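What you are looking at is a predicted structure, and each value in this text was computed from that prediction instead of being measured. In each ligand, atom 1 is the first atom listed, and ligand 1 is the first ligand listed.
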Amino acid sequence: MKFFNNMSIENHMLHLNGHSVKDLAESYGTPLYVLDTDYIKTKCNELKQHFKHPSLETEILYASKAFSSKAMYELVNELGLSLDVVSGGELYTAKASNFPMDRVYMHGNNKSFAEIQMALDSGVHRIIVDNLMELEYLQSLNRPVDILIRINPGIEAHTHEYIQTANDDSKFGISFDSYDLSSAIDICQSSDTVTLHGFHCHIGSQIHEASSFEKTASVMLDQIKLLEHKYSLNITELNLGGGFGVYYSKDQPITDYGFLTDLLNQCSAYISKQNLKIKKMMIEPGRLLVANAGSTIYQVGFTKTTASGKNYVFVDGGMTDNIRPALYQAEYEACIGNKADLDNDKLYTIAGKCCESGDILIKDILLPQADQEDYLVIASTGAYGYSMASHYNRLPKPAVIMIENGQPKVAIKRETYQDLIQYDL
Ligand code: LLP
């Protein structure tokens, strides 16, 4: 396993931000998500350094679907980022954490009328309109609405098909050369209440190739140029979405986000050459800020060797706290936290406790001999772990702790059995 800078080993014991995984497990229970706040801060500052430009205003939105909680929103606010929310629930959480609504962008391909009303009443900065019907509805409300339109730029990114979002038949956005887009622009142009400020796109997630983002930017700018000529629009904002790939396992590259500066240079050159009115460029990373900040500590229960010789380690969580291996064949690295520097000489499969054959967290990993009550630590679980967690088999959701300056703090409490039945009648 790759040991990140916040990890150290003393007497064979893995420490996360100076705390032994044994102490963390004993204090907070297992499974336990541990998030390194200082890592998030560092990543955010790095990103700010890369995503800035002398002649373009820039804004970084945290795509909060990656990990959403009041504590996370408070941190995002403190770091000065803006926020992408995609549902009434995320918006409600943002409000509950006192996040400034003038830095909130409301996404969603099927916002309910109630969610739209909540967003407008809350004073969110922009509604990102996904489709023509949504725009018609916004127009019918006859109240001021500031929007970006989500475009499907028709770019197939190199990533798992479930997390591609801009192939031709994607459910997200409107294609440039479509009747729906010209109708949408007509509505905006004749509207006294709906103001179109710009366009948004997002081509998918866990994308490592800078060239995919460069291609997206160039398609978006070319098309904006055509639209400006055709309709004399006033497009001042362009949001290129998120999707920046991170390290999970050794087959994956470590992306250098320095390419974002080149991307801005490329956009700025095009904007001045073509006299476009774009003033502000945005990105909205989720995973990049939190994935590598997180680890999950599990406790090993039983182990088993099948008749054909396959060695299983069973842990006290599974697909309920990390659905990504089952859903996207996502690969992770792990170690036995209390044997972190022992030889990895035995081949294991790490399985969860759910009643589902697909509940495998890691297929084929070399570890030291695993014993009952060992701590198994899976790295890089900070994104789309807790936020996609479920109650399958009525497993309570684990706690999340965030460690800042060496101080652990509970960000989300562990659920109890009582919590599980609280809505049962
Ligand atoms: N913006 C929009 C409009 C998005 O739909 C997403 C992710 C993001 C930004 C942030 O993408 P990120 O930077 O985190 O890759 N559950 C999947 C990922 C689904 C992403 C959905 N949209 C996973 O666990 O890999």
With sequence neighbours excluded, tell me which residues meet ring-ring contact (aromatic ring centres under 6.0 Å, His included) with Tyr332.
-> Tyr248

Considering the heavy atoms of Ala63, write down every atom of ligand 1 situated less than 4.0 Å from one of them.
-> 8 (C), 9 (C), 10 (C)

Considering only heavy atoms of Met388, which atoms of ligand 1 have at least one such atom less than 4.0 Å away?
-> 16 (N), 24 (O)

In terms of side-chain geometry, is the basic nitrogen of Lys339 or Asp374 positioned less than 4.0 Å from the acidic oxygen of its partner?
-> yes

Find all atoms of ligand 1 within a distance of less than 4.0 Å from any non-hydrogen atom belonging to Gly242, and give their numbers and elements.
-> 9 (C), 13 (O)

Ligand 1-proximal atoms of Tyr328, by part, heavy-atom distance under 4.0 Å = side chain

May I ask you to check if Lys2 and Tyr247 form a cation-pi contact, with NZ or CZ under 6.0 angstrom from the six-membered ring centre and within 45° of the axis?
-> yes

Mark yes when over 12 heavy atoms from residues, nucleotides or ligands other than Lys70 sit less than 6.0 Å from its NZ; otherwise mark no.
-> no

Select one of side chain, backbone, both or neither to describe which atoms of Ser205 lie under 4.0 Å from any atom of ligand 1, heavy atoms only.
-> both

Aromatic contact, His107 with His200 (centres under 6.0 Å) = yes

Is ligand 1 less than 4.0 angstrom away from at least one heavy atom of Leu288?
-> no

Test item, Pro285 contacting ligand 1 (heavy atom, 4.0 angstrom) | yes

Residues Glu404, Lys41: salt bridge by 4.0 Å N-O rule | yes

Best match, Gln206, Arg150, His202: closest heavy atom to atom 7 (C) of ligand 1 | His202

For His200, the ligand 1 atoms with a heavy-atom partner under 4.0 Å come out as 3 (C)

Ligand 1 to Asp84, heavy atom cutoff 4.0 Å, flagged ligand atoms 1 (N), 9 (C)

Could I get the full list of side-chain hydrogen bond (donor to acceptor under 3.5 Å, both in side chains) partners for Asn17, not counting sequence neighbours?
-> Asp36

Closest to atom 4 (C) of ligand 1 by heavy-atom distance, out of Arg287, Lys65, Glu284, is Lys65

Take every heavy atom of Gly243, measure it against each atom of ligand 1, and state whether any distance is under 4.0 Å.
-> yes

Out of Ile147, Leu148, Ile149, which one pairs with His197 under the side-chain contact (heavy atoms from CB on, under 4.5 Å) rule?
-> Leu148

